[in-house]
Amino acid sequence: MAGNGVLPAAMINATVYVRDATPPLVVAFDIDLSVRQAVVRFNEPIEVSRFTVAGFSFGDVNGSLIALDDSSVAAWDALWMAVTINIGMENFASLKLLAAPLAANNTLMAVTASAFYDVAGNAA
């Protein structure tokens, strides 16, 4: 270390530890049917290994929902606070057939409680 001395660090215990008990939230989403992808953003890092695409559904204001049961994760951002989902061909075809055409002001997303967890293990 080029002659720089390293001093031993004194370890101390925390006096109080409060576990993260706050469930993660979806804060925004975008859907782009021209490339068959959706991006879902969260308020905190998500546990990648416990993420379930089939727990997400997209639909219209008439209440029609299409579960993403043939879709898959395309990518995570560097901090795992957003996921890009490739919308499978069957889901894509079903979304195109909704009674109300999907647009920014009438596209809805539903999520099951066990679709994602934060890194502390809290379910959505």
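All values reported here derive from a predicted model rather than from experimental measurement.
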Steps toward side-chain contact (heavy atoms from CB on, under 4.5 Å) verdict (R36, L95)
CA-CA 10 Å; R36 293 188 5 247; L95 287 168; over 6 Å; no

Passes side-chain contact (heavy atoms from CB on, under 4.5 Å), T112 versus T52? Steps please.
CA-CA 9 Å; T112 62; T52 306; over 6 Å; no

Go through it in stages, so that I can follow the logic: the residues are V83 and I46, the test is side-chain contact (heavy atoms from CB on, under 4.5 Å), and I'd like the CA-CA distance, side-chain angles, deciding distance and then a yes or no.
CA-CA 9 Å; V83 61; I46 299 303; over 6 Å; no

Applying side-chain contact (heavy atoms from CB on, under 4.5 Å), run through F42 and L25 and close with a yes or a no.
CA-CA 6 Å; F42 305 95; L25 301 171; over 6 Å; no

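Checked by atom type and distance alone, the side chain of N91 pairs as donor or acceptor with a backbone atom of D69 at under 3.5 Å. For N62 (side chain) and S64 (main-chain N/O), no donor-acceptor pair under 3.5 Å exists by modelled atom type. Counting only distance, with no hydrogens or angles, the side chain of R50 and the backbone of A123 share no donor-acceptor pair below 3.5 Å.
Linking Ile, Leu, Val, Met, Phe, Trp and Tyr whenever their side-chain heavy atoms come within less than 4.5 Å puts F92 and L98 in one cluster.
V53 and I85 get closest at one heavy-atom pair: CG1-CG2, 3.9 Å. Of all heavy-atom pairs spanning A82 and V39, the tightest one is CB-CG1, 4.5 Å. Looking at every heavy atom in both residues, E90 comes nearest to D70 through N-OD2, 3.0 Å. Closest of all the heavy-atom pairs between F56 and A115 is CE1-CB, 3.8 Å.
With 3.5 Å as the limit, one finds no donor-acceptor pair spanning the side chains of N106 and D60.
Rounded to the nearest 0.5 Å, atoms CD1 (I31) and CE (M109) are 9.5 Å apart. Note that CD1 of I87 is 5.5 Å distant from CG of L33, once rounded to the nearest 0.5 Å. T107 contributes atom OG1, which lies 8.5 Å from atom CZ of F58 (distance to the nearest 0.5 angstrom). Note that CE of M81 is 6.5 Å distant from CG of N43, once rounded to the nearest 0.5 Å. Rounded to the nearest 0.5 angstrom, D30 CG and Q37 CD are separated by 11.0 Å.
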